[in-house]
Number of protein chains: 2
Amino acid sequence: MKNAISILRRYDIQPTPQRIAVVEYVLKSKTHPSADDVLSHARKKCPTVSRATVYNTLNLLVEKGLLGMQTIKEGAVIFDSNIKKHHHFVDSDTGDIYDIPWDQLEVKGREKLKDFEVFEFQVIMRGRRKKK
Amino acid sequence: MKNAISILRRYDIQPTPQRIAVVEYVLKSKTHPSADDVLSHARKKCPTVSRATVYNTLNLLVEKGLLGMQTIKEGAVIFDSNIKKHHHFVDSDTGDIYDIPWDQLEVKGREKLKDFEVFEFQVIMRGRRKKK
DNA sequence: ATATTTATTTAGACAATGTCAAGACTAAAT
DNA sequence: ATTTAGTCTTGACATTGTCTAAATAAATAT
């Protein structure tokens with residue numbers, strides 16, 4: 001990941017210590033953290049950061065297109081640093097979420113859906129991750 | 001939909017007025033209601049029914065396989081009276097959820113996912129529903 | 001029928017997620 | 001120095017969902 005400050009500047013967001021702490025964690029994370037996960041990790045770098053600021057920053061990053069947001073598991077939205085199109089696999093035992101590269105799956109038949117204009121889609125799979 | 005009482009009996013659930021009220025609404029609904037939606041509609045038939053009982057009943061119906069449960073939109077789980085496999089389309093403007101028949105789409109490539117044992121999957125699409 | 005388990009419901013407490021408004025703080029710009 | 005704009009914090013608030021203890025209803029046995 002590039003420098004957090006330069007990333008924020010590039011998207012016209014003033015780089016404050018709070019935002020830097022959020023960005024440094026969430027944009028490098030591969031674990032699909034919840035807002036609360038981000039809050040507790042951001043507090044390691046910036047102990048005073050508040051819950052409201054973390055939510056504000058996450059929503060800002062999503063609006064600007066730097067960050068993905070998914071409602072895959074119940075209880076809380078999760079954030080996804082991978083902004084390329086991809087599918088998701090959820091481990092039913094652990095709840096862990098894995099990204100599945102877009103070209104690993106092919107979805108056919110969307111053109112037959114006469115009543116719907118599809119902006120985006122993804123496959124969500126659930127099951128068990130095989131141990132290596 | 002068949003008689004609510006006989007459905008409950010068939011699944012070894014004692015038919016109480018509260019459960020009947022819940023079942024009559026949620027199993028005939030095509031709108032993918034939240035638990036709170038179910039609560040307010042069930043109260044029309046059974047005004048004293050409590051929130052806890054609605055949650056208990058919904059969870060029971062899901063456990064018994066009478067009802068589907070989906071985490072598609074943020075904020076609350078939704079319940080799905082369609083227990084056959086199907087995909088979902090979410091209207092980005094209204095939030096309405098539509099069932100897409102299973103055989104309208106084909107998902108290819110799952111066998112290539114070496115690290116994952118897939119128990120179930122579905123396609124989730126977002127976009128705009130075309131007016132008739 | 002009556003007493004005694006057993007199952008079910010209720011009300012309220014509780015924790016977690018997420019939003020919001022008011023005031024405090026910071027950094028520029030005038 | 002003072003205003004101004006932007007940002008942050010605190011705490012309140014609404015909502016979702018679970019849990020427990022007590023009340024109620026139903027089923028069984030006597």
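We use all heavy atoms of the structure for the numbers below, so side chains are in, but hydrogens, waters and symmetry mates are not.
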> So, is A:T48 near the phosphate of D:dC8, with a side-chain N or O under 4.0 Å from OP1 or OP2?
no
> Identify the residue among B:L67, B:L66, B:L61 that makes a side chain to side chain contact (heavy atoms under 4.5 Å, CB included) with B:K64.
B:L66
> Quickly, which of B:Q122, B:M125, B:H88 forms a side chain to side chain contact (heavy atoms under 4.5 Å, CB included) with B:I100? Name it, please.
B:M125
> Establish, for the pair B:R129 and B:Y98, whether the NZ or CZ atom is under 6.0 angstrom from the six-membered ring centre and no further than 45 degrees off its axis.
yes
> For nucleotides 19-29 of chain D, tabulate all protein N/O to nucleotide N/O atom pairs closer than 3.5 Å, reporting atom names and distance.
none

> May I have the distance from B:L60 (atom CG) to C:dT9 (atom C1'), rounded to whole angstrom?
14 Å
> Does C:dT26 have OP1 or OP2 sitting under 4.0 Å from an N or O in the side chain of A:T16?
no
> Is atom CD of B:E74 surrounded by more than 12 heavy atoms (other residues, nucleotides or ligands) closer than 6.0 Å?
no
> Identify whether any heavy atom of A:S50 sits under 4.0 Å from a base atom; if not, whether one sits that close to sugar-phosphate; answer base, sugar-phosphate or nothing.
base
> If the helix axis at each end comes from five base pairs, how far does the helix from C:dA1-D:dT30 to C:dT30-D:dA1 deviate from straight, to 10°?
10°
> Going by an N to O cut-off under 4.0 Å, is there a salt bridge joining B:R128 and B:D93?
yes
> Nearest whole Å is fine: how far is C:dT19 P from A:E63 CD?
11 Å
> Would a distance-only check, ignoring hydrogens and angles, find a side-chain to backbone donor-acceptor pair under 3.5 Å from B:H86 to B:W102?
no
> Just the rounded figure in Å: distance from P of C:dT8 to CD1 of B:I20.
13 Å
> Identify all pairs in which a protein N or O lies below 3.5 Å from an N or O of nucleotides 14-17 of chain D, and state each distance.
unit_1, atom_1, unit_2, atom_2, d
D:dG17, OP1, B:V77, N, 2.9
D:dG17, OP2, B:Y55, OH, 3.2
D:dG17, N7, B:R51, NH1, 2.6
D:dG17, O6, B:R51, NH2, 2.9

> Would you sort out whether A:D99 and A:H87 count as a side-chain hydrogen bond (donor to acceptor under 3.5 Å, both in side chains), showing the intermediate values?
CA-CA 6 Å; A:D99 287 359; A:H87 306 288; over 6 Å; no
> Could you tell me how far apart B:I13 (CD1) and C:dT8 (P) are, to the nearest whole angstrom?
9 Å
> From CD of A:Q18 over to C1' of C:dA27, roughly how many Å is that when rounded to an integer?
13 Å
